[in-house]
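The next block holds one structure in the form of C-alpha cells; read it before the comments.
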Amino acid sequence: MASLIDGKQISQQVIDEVALGVTAFRQHYARTPGLAVVLVGEDPASQVYVRNKVKRAGEVGMNSIEHKLPADCSQETLNQLIAELNANPAVDGILVQLPLPDHLNEAEVIAAISPQKDVDGFHPMNVGALACGEPALVPCTPLGCMIMLRQVCDDLSGKHAVVIGRSNIVGKPMAALLLQANCSVTVVHSRTRNIEAICSQADIVVAAIGRPEQVKSSWIKPGAIVIDVGINAIERDGRRRLVGDVDFANAEPLASAITPVPGGVGPMTIACLMQNTLTAARAIEAQREARLKAG
Ligand code: GUN
C-alpha cells in the first residue's frame, strides 16, 4: 500500500509560510503584494481556476485584481492591458489564464509580460534561466510537484524519473527541475514508442498527459513514487467525477507513495502561485532598493 501524498495538507503549509512572508513584507515595505489575474472568455474550468486563485490571494493577505476580457477581444487590447499591468507598481504578479481563444497568439501574450512579474514562469527569459540553473520564476505546477516529491524522498539524486507529457506548462519545466535535483530524466510523450516499458523502469513517475486513467498499473515499478498532475472530469456510474491521468485504484497498491486526485497536485499549484507572487514582490523591492543605493 502506498502512502498518500496529501496535497491539501502540504499546500496549507506553503500557504501558511507565504502568509507569514506577506505580513513581514507589508511591515517592511509599507505596501501589499498584488497579483493580477487575466481571464479571456468564459471557459467554465478557467473561471473556476481564476476564482480559486483570487480567493487564495485574499487568504494570504495579498491584493488581487481580476481582469475579465470578452472572448472576442483583440490581441491589441490584451497586449495593452498587459502593458498597463507591467507599469503598475501595485502589481507584482501577472497571470494570464490559459488556454486563450484560438484567434489570440499565446506566445506573443506570454512574451509581453514583464519577466519580473511572470508568476507563471512561462516567459522565455524565465524558461531560459531555469534551463541554465539560474534563479527564475518557476512554473507553479512543477514547483508544487517538487515540493511533494521532497516530502517523501530525502535524496532525489540518481533516481530515474520519467515525465509523461512535454507541455510548456508542466512536462518541460518538470524535467528541468528534476534534472537540477540530479535525477536521470526521461521525457515520454504521445509519439514515444513503448512508453510502458520505459515507465516501468522509473523510480519516479510524473504523469501530465491530460487523459483519464491512462497510466496503468503495469507501467508502475513496485515501490515507485507516482505524481499525478491530471485533473479529468469523467462520468462514472451516472455521476460526474474527477480522476487523474493514473489508474489510481490499481497503481496505488504498487507505488510507495502516490498523489490522489482531487486533493493532490491541484491545491499545490495555487499555493505555489502565491509563493511566486511573494518571490516576485521581494525581487522587485530588492531591485528598487539597489537602484536607490546606486543613485
Ligand atoms: N492553465 C492551466 N494551467 C495553467 C497555469 O498554471 N497557468 C495559467 N496561466 N494557465 C493555466
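What's counted below: heavy atoms across the whole structure, side chains too, no hydrogens, waters or symmetry copies. Both counts, for ligands and for their atoms, begin at 1 and track the order of listing.
- Across all their heavy atoms, Ala251 and Ile220 have their closest contact at CB-CG1, 4.1 Å.
- The local environment of CD in Glu59 is crowded, with over 12 non-hydrogen atoms from other residues, nucleotides or ligands closer than 6.0 Å.
- At the shortest separation from atom 11 (C) of ligand 1 among protein heavy atoms lies Gln97 NE2, 3.5 Å.
- Partners of Glu84 by side chain to side chain donor-acceptor pair (under 3.5 Å), not counting sequence neighbours, listed by chain and number: Gln80.
- Residue contacts with ligand 1, taken as heavy atom pairs separated by less than 4.0 Å, involve Phe122 solely via side-chain atoms from C-beta onward.
- Residue, atom and distance of the protein heavy atom nearest to atom 5 (C) of ligand 1 are Asp120 OD1, 3.8 Å.
- In this structure, atom 1 (N) of ligand 1 lies nearest to the protein heavy atom Leu98 O, 2.9 Å.
- Pairing each heavy atom of Pro212 with each of Val243, the nearest pair is CB-CG2, 3.7 Å.
- Those atoms of ligand 1 with a heavy atom of Val96 less than 4.0 angstrom away are 8 (C), 9 (N).
- Shown in contact with Leu95 at under 4.0 Å from a heavy atom are these atoms of ligand 1, numbered in order with element: 9 (N).
- Judged purely by distance below 3.5 Å, without hydrogens or angles, the side chains of Gln97 and Gln47 never pair a donor atom with an acceptor atom.
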